[in-house]
Amino acid sequence: MTAVPNLKLQIDQYKIAHPRARLGEIAKALGVSEREAVAAQIVEGLAFPLRSDWEGLLARVATLGPVMALTRNSYVVSECRGSYGAPQVKGKLGLVHHENIDLRLFLEHWHSAFALKLQTPRGELKSLQFFNAQGQAVHKIFLEAENVDAAFATLIKEFQIDASELSSLELASAAEPSKIQRNLSPSALESFRSDWRNLKDTHEFHGLLRRHELERIQAMELAGPEFVRELSLKALEKLLVQVAHEKMPLMAFVGNSGAIQIYSGPIKNLKRLGDWYNVLDPSFNLHIDERGLARAFFVRKPTRYGEVSSLEFYSPENELILSFFGVRDDEQMASTAWTKLLETLDAL
C-alpha cells in the first residue's frame with residue numbers, strides 16, 4: 001500500500017487536467033488497473049473494501065432503492081435502470097432478474113469489491129464495484145435514490161474489511177489471448193455441424209463448443225451458411241435504426257468474464273457521438289465503441305421450440321462483445337419479423 005498515496009496524487013492531478021474523466025479512463029491513462037485506482041481512494045475515505053460475500057452483498061442492494069446496473073467489456077457498455085431483486089446463487093453461478101435488471105453472474109471470476117463515494121460535477125456518486133483477478137471491473141451498481149445514506153452506511157459497516165486485507169487479494173496477470181489454430185478434419189467438421197443441427201436449446205451451445213474443443217469465433221467460421229452468415233459491420237446501425245423505427249423489442253447481451261447483462265425491450269433514441277454509437281433511453285443506455293467491432297455474424301440455432309436467430313459482434317481479439325436476439329419467452333419462438341429483419345442485413 002506504500003505506493004497508493006503517490007497514485008492518488010497522480011489521479012488527482014489527472015482529474016484537474018481532465019475533469020470529466022472517469023476513474024476507469026484515468027487508470028488506463030496511468031497504466032494501472034481500475035481496481036488499483038479505486039483502492040487508491042481508500043486513503044481519503046472515499047473507497048471502502050468489502051468482503052467477498054457476493055450473495056450477501058447483492059441481497060442487500062434491494063435496500064438501496066433504484067439503481068443503475070452497469071456491465072461492460074473493452075468496447076461495449078450496458079446500463080440498465082431498475083431495482084435489484086433477491087439474487088439466486090447456485091455454486092459459482094448467480095442470477096438477478098427484477099425490474100429491468102437481468103444478470104448472469106460467473107462468480108468464480110469475482111475477486112474483490114468496493115463501496116465508493118466519489119465527488120462528480122453532479123454531486124456525490126455512490127456505488128458498489130466488483131473486480132476480477134486482473135483488476136478489471138466485472139459489474140458496477142450506482143445508487144440513484146435520494147436519502148439512502150443510512151442504508152449505504154449500514155451496508156459498508158456490515159461488509160467492510162481492513163485495507164490491509166487487500167494484500168491477500170493480489171492481482172493476477174492478464175490471461176494470454178487465445179491462439180486459434182485448430183483445424184477440423186472433414187469427419188470432425190461434419191460431426192460438429194451435425195451436433196449444431198441437433199441443438200434442442202440455445203443453452204446447449206457452450207457444451208457444443210467444449211465437446212468439439214472450439215473457440216466461439218471458430219464455430220462462426222466453420223458452421224457454414226446453413227447456420228452462420230458473416231455480415232458487414234454496417235449491420236449494427238441498420239439493425240438498431242430499423243428496430244427503433246418499427247418499435248420492435250429486442251434483447252441486448254453485453255458481457256465480460258464475470259457477468260452478462262441483458263436488456264429486453266424496445267429502443268428509441270439513437271445517437272452517434274464520435275466513435276461511439278449509442279442507445280440513450282431513460283431505462284437503458286448502450287454505448288458501442290465502433291473501433292472495437294471487427295466482425296459480425298447472423299447466427300441461427302435450432303431449438304425444440306423453433307429456430308433462434310441472433311446478430312453477434314466480435315472484437316479484434318476474437319471475443320464476443322455484443323449480441324442481439326429477438327424477445328421471446330423460454331418456451332416460445334421470437335417473432336418471425338425479427339428473423340426476417342436479420343435476413344435483410346448486408347452480407348460481408
Side-chain angles (χ1 to χ4, degrees), residues 3-48 64-82 113-132 134-146 148-149 152 236-237 240 252 254 256 259 261 263 267-293 315 321-322:
V4 167
N6 183 50
L7 177 56
K8 181 65 169 65
L9 177 61
Q10 293 179 60
I11 291 171
D12 290 343
Q13 291 173 337
Y14 193 94
K15 283 181 178 179
I16 292 172
H18 307 85
R20 297 181 66 87
R22 294 181 174 86
L23 203 52
E25 297 169 314
I26 297 172
K28 185 175 182 180
L30 297 179
V32 299
S33 73
E34 188 173 358
R35 197 204 84 162
E36 289 172 295
V38 168
Q41 310 305 307
I42 294 172
V43 296
E44 291 188 2
L46 304 176
F48 308 86
L64 304 176
V67 298
M68 187 267 279
L70 185 153
T71 300
R72 68 168 301 157
N73 50 53
S74 298
Y75 303 106
V76 185
V77 185
S78 171
E79 301 171 350
C80 293
R81 287 178 166 83
F114 294 82
L116 278 83
K117 298 179 180 179
L118 297 181
Q119 292 300 321
T120 74
R122 294 177 294 173
E124 187 177 68
L125 186 62
K126 302 179 182 68
S127 65
L128 299 172
Q129 302 194 11
F130 305 89
F131 298 87
N132 66 15
Q134 288 74 43
Q136 300 163 334
V138 293
H139 186 54
K140 299 180 182 180
I141 302 167
F142 293 89
L143 278 60
E144 297 201 318
E146 298 180 359
V148 292
D149 289 358
F152 196 53
L236 172 69
E237 184 172 8
L240 295 182
V254 176
N256 55 52
Q261 184 158 300
Y263 168 75
I267 59 172
K268 183 177 181 181
N269 185 26
L270 306 177
K271 189 170 185 179
R272 186 185 301 280
L273 296 169
D275 295 312
W276 293 79
Y277 196 79
N278 306 275
V279 178
L280 302 174
D281 290 339
S283 61
F284 174 57
N285 284 189
L286 182 66
H287 310 291
I288 305 162
D289 185 348
E290 293 185 296
R291 294 168 297 180
L293 302 181
S315 72
I321 53 174
L322 173 65

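Positions are given from 1 along the sequence. Just so we're clear, the structure is a prediction, and the values are computed from it rather than from any experiment.
- Contacts of Lys140 classified as side chain to side chain donor-acceptor pair (under 3.5 Å), with partners at least two apart in sequence or in another chain: Glu34.
- Inter-residue side-chain proximity for Asp12 and Lys8 is flagged as met; some heavy-atom pair is nearer than 4.5 Å.
- Sorted by first and then second residue, the pairs that involve residues 267-277 and meet salt bridge (charged side-chain N to carboxylate O under 4.0 Å, His left out), not counting sequence neighbours, are Glu237-Arg272, Arg272-Glu290, Asp275-Arg291.
- Atom CG in Leu293 sits 9.0 Å away from atom OG in Ser315 (nearest 0.5 Å).
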Working note: Val77 + Val254, criterion side chain to side chain contact (heavy atoms under 4.5 Å, CB included); need CA distance, chi angles, decisive distance, verdict. CA-CA 7 Å; Val77 185; Val254 176; over 6 Å; no

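- At least one side-chain heavy atom of Phe131 sits under 4.5 Å from a side-chain heavy atom of Phe114.
- A search for salt bridge (charged side-chain N to carboxylate O under 4.0 Å, His left out) contacts involving Glu144 returns Arg81, not counting sequence neighbours.
- Every residue meeting the side chain to side chain donor-acceptor pair (under 3.5 Å) condition with Tyr75, not counting sequence neighbours, appears here in chain and number order: Glu317.
- Under a 3.5 Å cut-off, the side chain of Asn256 and the backbone N or O of Val138 do form a donor-acceptor pair.
- Applying the side chain to side chain donor-acceptor pair (under 3.5 Å) test to Thr71 and every residue at least two apart in sequence or in another chain returns His139, Gln261.
- Although no hydrogens or angles enter the test, the distance criterion places no donor-acceptor pair under 3.5 Å between the side chain of Asn278 and the main chain of His287.
- Summarising the geometry of Gly292 relative to Ile321, their closest heavy-atom pair is O-CD1, 3.4 Å, with the distance given to 0.1 Å.
- What you find for Leu280 and Asn285 is that their closest heavy atoms are CA-ND2, 3.6 Å.
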Verdict with reasoning, Leu322 to Ile288, per side chain to side chain contact (heavy atoms under 4.5 Å, CB included): CA-CA 9 Å; Leu322 173 65; Ile288 305 162; 3.7 Å; yes

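- For Phe48, there are no ring-ring contact (aromatic ring centres under 6.0 Å, His included) partners at least two apart in sequence or on another chain.
- Asp281 pairs by the salt bridge (charged side-chain N to carboxylate O under 4.0 Å, His left out) definition with nothing, not counting sequence neighbours.
- What you find for Ala115 and Leu128 is that their closest heavy atoms are CB-CD2, 3.9 Å.
- The line from CD of Gln13 to CG of Leu30 is 9.5 Å long, rounded to the nearest 0.5 Å.
- Partners of Glu79 by salt bridge (charged side-chain N to carboxylate O under 4.0 Å, His left out), not counting sequence neighbours: none found.
- A 6.0 Å sphere centred on CD of Glu146 holds no more than 12 heavy atoms belonging to other residues, nucleotides or ligands.
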Just do the side chain to side chain contact (heavy atoms under 4.5 Å, CB included) check on Gln10 and Val32 with the steps written out, would you? CA-CA 11 Å; Gln10 293 179 60; Val32 299; over 6 Å; no

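- One distance of note links CE of Met68 with SG of Cys80; it measures 9.5 Å at 0.5 Å rounding.
- Residues Tyr277 and Leu240 form a side-chain contact, since some pair of their non-hydrogen atoms from C-beta on lies under 4.5 Å apart.
- Taking the six-membered ring where the residue is Trp, Phe284 and Tyr263 present parallel rings, their angle staying beneath 30° rather than reaching 60°.
- Looking at residues two or more places apart in sequence or on another chain, you find a side chain to side chain contact (heavy atoms under 4.5 Å, CB included) between Leu118 and Leu23, Gln41, Leu46, Leu116.
- Partners of Gln129 according to the side chain to side chain donor-acceptor pair (under 3.5 Å) rule, which considers only residues two or more places apart in sequence or in another chain, are Ser127.
- Listed here is the closest heavy atom pair of Leu143 and Val67: CA-CG1, 4.3 Å.
- A pairwise comparison of heavy atoms in Trp276 and Asp289 identifies CE3-N, 3.4 Å as the closest pair.
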Distance-only donor-acceptor hits, side chain of residues 14-22, under 3.5 Å, sequence neighbours excluded:
| residue | atom | partner | partner atom | Å |
| --- | --- | --- | --- | --- |
| His18 | ND1 | Tyr14 | O | 3.2 |

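- Of all non-hydrogen atoms in Ala27 and Ser33, the two that sit nearest each other are CB-O, 3.7 Å.
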